[in-house]
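Each remark here refers to the structure printed beneath this line.
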2 protein chains.
Amino acid sequence: MDRFRHSIPTKDVRPRELDSTDEKIIAILARDGRTTNADLAAALDVAPSTAHARTRSLVDRGILTGFHASVDYQRLGRGLQAMIGVVLRPGARHDSIVAFADEVRRLPQVLQLFFVGGADDFLVHIAVENASEVREFVVNHLSTQQSVATTRTSIVFEYHRNAVAAPFR
Amino acid sequence: MDRFRHSIPTKDVRPRELDSTDEKIIAILARDGRTTNADLAAALDVAPSTAHARTRSLVDRGILTGFHASVDYQRLGRGLQAMIGVVLRPGARHDSIVAFADEVRRLPQVLQLFFVGGADDFLVHIAVENASEVREFVVNHLSTQQSVATTRTSIVFEYHRNAVAAPFR
DNA sequence: ACTGAAAGAAGCTAACT
DNA sequence: AGTTAGCTTCTTTCAGT
């Protein structure tokens with residue numbers, strides 16, 4: 001029992017060489033993370049043990065960071081997604097920003113949190129039940145915060161995903 | 001061999017009742033999609049066959065839509081992520097917008113594509129190698145397009161993810 | 001609906017090329 | 001690095017509560 005469980009990736013971020021086999025593994029597992037090793041090997045035209053070693057290496061090197069079930073929030077009664085751009089107050093202290101962001105990203109409504117440079121300071125992607133919950137989220141968790149200057153909410157009408165990116169700091 | 005592979009979800013979007021066991025399964029598999037059924041059963045304190053039936057039901061009902069490996073793009077030499085807000089021309093025809101969006105979302109740089117209502121018409125989340133590739137992406141695939149009025153690029157400094165949302169239209 | 005047991009499949013490891 | 005082979009573990013089914 002192991003199925004490529006959490007190892008400790010190094011901080012070495014140099015892109016090592018990946019051959020086409022590695023790239024195929026990444027592509028296949030990004031599309032279907034429960035592809036069996038046997039199927040993977042067949043698709044790559046190598047022995048199962050080879051596929052196994054390659055995949056483990058990708059996990060060990062921290063290139064594949066995990067496997068996650070994708071959830072249809074519509075069917076969970078959270079059919080409304082929004083992207084909220086947040087602009088911070090110019091004078092906001094760095095550690096209060098960090099504390100605030102740390103709190104926001106743990107909220108159950110939050111799917112993703114982007115720290116960005118540009119017009120906004122960060123973007124919050126949420127999934128909730130209805131429009132009033134969007135408003136409630138913005139009021140309760142964003143606009144009343146000390147560090148927040150303004151927010152700008154956009155309803156998400158369509159959403160497409162090609163890949164699942166690993167979180168980073 | 002099956003491990004909950006793609007079934008055909010109905011279009012019934014009514015949120016059916018989920019008990020706490022279902023919610024735990026969703027939470028566990030969202031965090032680690034390769035949790036073995038045996039471990040899942042242990043965590044839920046039910047028999048493996050029960051955990052199995054519950055999980056299958058969640059997949060069959062289309063609540064869990066798939067399993068995906070998460071990729072560290074930094075280690076793949078694509079250490080720069082950006083979020084690009086796109087505003088369309090007021091006169092842009094609906095089908096040309098659809099065709100354009102369809103093309104954009106298939107580009108290998110694109111991680112996610114959001115159709116939104118608000119200041120922007122959509123948001124494109126990309127991962128590329130460096131700043132000049134961001135520019136290249138915007139120039140080649142966005143700003144030169146007929147339907148596009150303006151774009152606004154924000155570099156992503158930090159990224160956090162709580163969940164993987166299923167794509168939707 | 002949940003359980004337990006049995007059978008089949010897959011993962012994992014180690015020795016060899 | 002890749003392969004072959006063998007052991008272990010998990011998934012999956014089904015008959016029985």
Side-chain angles (χ1 to χ4, degrees), chain A residues 1-10 12 14-70 75-76, chain B residues 1-10 12 14-70 75-76:
Chain A
M1 208 285 277
D2 200 320
R3 206 76 230 270
F4 314 121
R5 234 163 271 307
H6 331 292
S7 58
I8 309 105
T10 66
D12 190 351
R14 290 174 303 182
R16 316 197 189 171
E17 286 316 312
L18 299 182
D19 62 17
S20 73
T21 302
D22 292 316
E23 281 165 14
K24 277 181 205 157
I25 292 173
I26 294 166
I28 290 170
L29 293 180
R31 181 175 290 271
D32 181 0
R34 278 197 165 178
T35 304
T36 65
N37 187 64
D39 286 353
L40 200 55
L44 302 170
D45 210 38
V46 297
S49 53
T50 303
H52 188 261
R54 290 293 195 115
T55 305
R56 162 178 296 206
S57 167
L58 289 170
V59 174
D60 286 348
R61 284 186 278 165
I63 293 166
L64 297 179
T65 63
F67 297 87
H68 306 279
S70 138
R75 290 174 195 268
L76 283 182
Chain B
M1 210 282 280
D2 197 320
R3 204 79 230 268
F4 315 120
R5 236 166 268 310
H6 329 293
S7 59
I8 308 108
T10 66
D12 189 350
R14 289 175 305 184
R16 316 197 190 172
E17 287 316 313
L18 299 181
D19 62 18
S20 74
T21 303
D22 292 315
E23 281 165 14
K24 278 181 205 157
I25 292 174
I26 294 167
I28 291 170
L29 293 179
R31 181 175 289 272
D32 181 0
R34 278 197 166 180
T35 304
T36 66
N37 186 64
D39 287 353
L40 200 55
L44 301 171
D45 210 39
V46 296
S49 50
T50 303
H52 189 261
R54 288 295 193 114
T55 307
R56 162 174 298 201
S57 167
L58 289 169
V59 174
D60 286 348
R61 286 187 276 166
I63 292 167
L64 298 178
T65 64
F67 297 86
H68 307 279
S70 136
R75 289 173 197 268
L76 284 182

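Excluded from the calculations below are hydrogen atoms, water molecules and symmetry mates; all remaining heavy atoms, backbone and side chain alike, are included. The sequence lines fix the lettering, A, B, ..., with proteins before strands; numbering per chain opens at 1. If you're wondering where the values come from, they're calculated on a predicted model, not measured in any experiment.
Here B/T50 pairs with nothing under the side-chain hydrogen bond (donor to acceptor under 3.5 Å, both in side chains) rule; sequence neighbours left out. Shown here are the side-chain hydrogen bond (donor to acceptor under 3.5 Å, both in side chains) partners of A/S49, two or more places apart in sequence or in another chain: there are none. With sequence neighbours left out, the side-chain hydrogen bond (donor to acceptor under 3.5 Å, both in side chains) criterion links A/T21 to no other residue. When the ring pair (Phe, Tyr, Trp, His ring centres under 6.0 Å) test is applied to A/H52, the partners found at least two apart in sequence or on another chain are A/F4.
For B/H52, a side-chain nitrogen or oxygen approaches OP1 or OP2 of D/dT12 to under 4.0 Å.
In this structure, CG on B/D32 lies 8.0 Å from CG on B/L29, to the nearest 0.5 angstrom. With rounding to the nearest 0.5 angstrom, the OG atom of A/S70 is 12.0 Å from the CD1 atom of B/I63.
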Pairwise N/O distances under 3.5 Å, protein to nucleotides 15-17 of chain C:
none

Might you list the N or O atoms of the protein lying below 3.5 Å from N or O atoms in nucleotides 2-4 of chain D, with each pair's distance?
residue, atom, partner, partner atom, Å
D/dG2, OP1, A/R54, NH2, 3.0
D/dG2, OP2, A/R54, NE, 3.2
D/dT3, OP2, A/A47, N, 3.2
D/dT3, OP2, A/T50, OG1, 2.5
D/dT4, O4, A/S49, OG, 3.4

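For A/R56, the listed nucleotide lying nearest its side chain is C/dT13; candidates were C/dG11, C/dT13, D/dT12.
For B/D60 and D/dT12, the CG to C1' distance is 14 Å, given to the nearest whole Å. The CG atom of B/L40 sits 15 Å away from the C1' atom of D/dT12 (whole-angstrom rounding). Counting to the nearest Å, the C1' atom of D/dT13 and the CG atom of B/N37 are 12 Å from each other. Straight-line distance from the CG atom of A/L29 to the P atom of C/dG11: 11 Å, rounded to whole Å. One can place CZ of A/R34 at 12 Å from P of C/dG11, the figure rounded to the nearest angstrom.
Sorted by first and then second residue, the salt bridge (Lys or Arg N to Asp or Glu O under 4.0 Å) pairs with a member in residues 41-55 of chain A read A/D19-A/R54, A/D22-A/R54; sequence neighbours excluded. Applying the ring pair (Phe, Tyr, Trp, His ring centres under 6.0 Å) test to every pair with at least one member in residues 26-48 of chain B, sequence neighbours left out, gives no pairs at all.
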